[in-house]
S.K.: 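My structure is below; once you've seen it, I'll send some questions.
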Protein chains: 2
Amino acid sequence: MKPVLKVMTKEHTDSCARQQFADCRNCRLGALCLPIALATADVERLDNIVERKRPLQRGDHLYREDDTFRSVYAVRSGAIKTYHITDDGQEQVTGFFFPGEIVGMDGIGCGRFGGSAKALETTSICEIPFESLGELSMQLPSLQKHFFQLMSQEITEDQKLITLLSKSSAEQRIASLLLSISARNARRNLSDTRFRLPMSRTDIANYLGLTIETVSRLFTRFARNGLVTSDNKEIILEDLNRLRQVASVNRNRV
Amino acid sequence: MKPVLKVMTKEHTDSCARQQFADCRNCRLGALCLPIALATADVERLDNIVERKRPLQRGDHLYREDDTFRSVYAVRSGAIKTYHITDDGQEQVTGFFFPGEIVGMDGIGCGRFGGSAKALETTSICEIPFESLGELSMQLPSLQKHFFQLMSQEITEDQKLITLLSKSSAEQRIASLLLSISARNARRNLSDTRFRLPMSRTDIANYLGLTIETVSRLFTRFARNGLVTSDNKEIILEDLNRLRQVASVNRNRV
DNA sequence: CGCCTGGTTGAGAATCATCAACATCTGTGG
DNA sequence: CCACAGATGTTGATGATTCTCAACCAGGCG
């Protein structure tokens with residue numbers, strides 16, 4: 001049994017969210033998750049179609065590759081990783097999702113999920129049935145538009161990752177990932193300099209197209225150079241500006 | 001002046017399309033471009049909002065990064081590359097688009113295009129104004145759904161590229177690209193074994209996260225091993241099956 | 001004709017992967 | 001509460017792939 005005190009850590013915000021989450025109207029993540037310029041009455045209609053599920057435990061699947069697509073999912077608390085299995089059986093991590101972010105939009109296309117989604121830690125989720133959403137969108141132009149936006153944001157995100165994988169050294173990839181998580185924490189009013197990485201080194205390596213050894217070595221190198229302090233998954237970014245430099249100073253390809 | 005005979009080459013299909021393209025109803029690409037189960041009357045409504053533009057010349061921009069987003073574009077003939085400029089001024093090619101494919105969906109999110117799109121050769125385009133499309137979607141559920149599908153397909157495509165960049169050797173990347181273009185040619189009823197690559201080695205290298213030297217060396221290696229015959233941009237895939245093997249045999253990472 | 005762009009080829013260097021040993025953490029059962 | 005096993009992470013030595021630099025070739029155009 002963990003002491004109750006645990007609730008008062010930096011995860012405080014999310015922990016509270018977990019309880020308060022009666023509906024979309026007073027969801028603390030509202031502005032992040034579906035920050036639509038919806039009239040109050042419209043939020044209510046959205047709220048009606050959203051289903052809250054019981055929390056996933058670490059390692060539980062939210063959905064699996066080839067499952068029939070019915071819903072997209074908003075992360076309330078915790079963290080999700082998405083991944084594919086390649087033809088030759090290897091895992092490819094394609095993304096990490098934090099509270100306020102939407103998972104599962106790749107499934108809209110073919111009616112099945114193109115990859116799997118798995119909880120990295122205890123995670124609570126709002127399920128948004130897509131059929132109903134489609135109908136609702138039909139009536140609420142702003143909701144439809146917003147959904148288009150979310151999807152194209154995902155395209156943009158993926159393209160950033162493509163650039164990262166295509167052009168950057170191992171050092172830059174890791175610096176970029178840390179900065180990305182930092183920025184996403186800031187959005188949720190959490191610290192942008194001290195946080196816990198919910199994913200394993202293996203997941204980081206896989207996501208960034210590196211080996212765990214390289215990731216490990218770079219964490220220690222960053223620590224040696226005073227860029228970060230890291231105690232396993234707990235991490236402190238000691239110098240955001242210098243980290244930004246590291247992330248962007250490119251070896252001069254092409 | 002090119003001799004009229006030119007029209008009878010393997011680009012025949014597309015060349016014809018260029019003329020016949022009075023409207024969406026008898027577009028030969030129809031089933032590829034917006035293969036919707038639309039009633040005839042509905043295609044007519046779609047047709048009404050589509051604008052045909054005059055052809056782009058090689059090097060012309062279809063749109064540029066940060067241009068206000070108003071439309072998505074269907075490629076009728078020719079080829080388009082999309083690219084970003086990174087913070088430090090380098091180009092990152094994010095995709096190649098062939099006839100029947102839709103460009104510009106990354107712009108939907110923030111109201112501006114997230115990258116630029118440029119013609120690799122003489123290219124004709126159908127412009128699909130997005131505002132009108134939004135309204136039309138509102139009335140035609142199947143069109144809205146289809147558009148969601150197109151976008152999530154793009155997400156899926158991007159994720160394949162992510163996997164490619166993250167997990168594959170230079171050899172596999174190039175084999176995969178060739179196979180991708182081959183398959184897309186097949187979709188258009190062109191040869192899947194002999195075609196002209198519309199993009200430069202530089203673009204290929206950039207797209208695949210390699211250097212031009214590596215790309216060049218691998219083309220010659222492939223030729224030496226009887227996988228392909230290549231005369232500059234003209235290419236013949238001599239052994240599709242073996243090429244598929246090369247593309248998928250992974251070094252065993254993670 | 002010479003210039004310029006784009007492509008090919010070679011030799012050496014650098015980054016990152018691989019293999020291997022070891023350390024640390026977590027959870028389970030005694 | 002401790003001991004142990006398995007998973008996860010760290011560190012070191014070596015090697016392969018791919019980059020870098022450089023020379024050279026081919027085709028298009030003024």
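Keep in mind it's a predicted model, so treat the numbers as computed, not measured. Within every chain, numbering begins at 1; the chains are lettered A, B, ... in the order of the sequence lines, protein sequences first and strands thereafter.
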S.K.: Do you know which of A/Asp158, A/Asp106, A/Thr82, A/Asn206 makes side-chain hydrogen bond (donor to acceptor under 3.5 Å, both in side chains) with A/Thr94?
M.R.: A/Thr82

S.K.: Using whole Å, report how far CG of A/Asp203 lies from P of D/dA7.
M.R.: 16 Å

S.K.: Can you tell me the distance, in whole Å, between the CG atom of B/Leu120 and the P atom of C/dG6?
M.R.: 13 Å

S.K.: May I ask you to evaluate whether B/Thr211 reaches the phosphate of D/dT20, defined as a side-chain N or O under 4.0 Å from OP1 or OP2?
M.R.: no

S.K.: Answer yes or no: is there an ion pair linking B/Lys81 with B/Asp203, defined by an N-O contact shorter than 4.0 Å?
M.R.: yes

S.K.: Starting at CZ of B/Arg201 and ending at C1' of D/dC25, how long is that distance when rounded to a whole Å?
M.R.: 15 Å

S.K.: Round to the nearest Å and state the distance from A/Ile212 atom CD1 to D/dT8 atom C1'.
M.R.: 8 Å

S.K.: Is it true that A/Glu121 and A/Arg196 make a salt bridge, defined as a side-chain N closer than 4.0 Å to a carboxylate O?
M.R.: yes

S.K.: Let me know the distance between CG of B/Asn206 and P of C/dG6, rounded to the nearest Å.
M.R.: 13 Å

S.K.: Side chains of B/Lys167 and A/Gln90: is there a donor and an acceptor less than 3.5 Å apart?
M.R.: no

S.K.: To the nearest Å, how far apart are B/Asp231 CG and D/dG27 C1'?
M.R.: 12 Å

S.K.: Between A/Asn232 and A/Thr214, which has a closest nucleotide on DNA chain C that is more 5'?
M.R.: A/Thr214

S.K.: Starting from P on C/dT26, measure out to CD on A/Gln57 and report it in whole angstrom.
M.R.: 17 Å

S.K.: From NZ of A/Lys233 over to P of D/dT10, roughly how many Å is that when rounded to an integer?
M.R.: 10 Å

S.K.: Please determine whether a side-chain nitrogen of the Lys or Arg among B/Glu234 and B/Arg194 lies less than 4.0 Å from a carboxylate oxygen of the Asp or Glu.
M.R.: no

S.K.: Can you identify which nucleotide, out of C/dG7, D/dG9, C/dT18, has its nearest atom closest to the B/Ser216 side chain?
M.R.: C/dG7

S.K.: Report yes if a donor N or O on one partner sits less than 3.5 Å from an acceptor N or O on the other, where the partners are the side chain of B/Arg217 and the base of C/dG7; otherwise report no.
M.R.: no

S.K.: Counting only side-chain heavy atoms from C-beta out, which of D/dG12, C/dG7, C/dC16 sits nearest to A/Ala170?
M.R.: C/dC16

S.K.: Report the nucleotide, chosen from D/dG9, C/dT8, D/dT11, that has the shortest atom-to-atom distance to any side-chain atom of B/Thr220.
M.R.: C/dT8

S.K.: In terms of side-chain heavy atoms of B/Ser169, which of D/dT18, C/dT18, D/dA22 is nearest?
M.R.: D/dT18

S.K.: Determine whether any donor atom in the side chain of A/Glu171 lies under 3.5 Å from an acceptor atom in the base of C/dC16, or the reverse, and answer yes or no.
M.R.: no

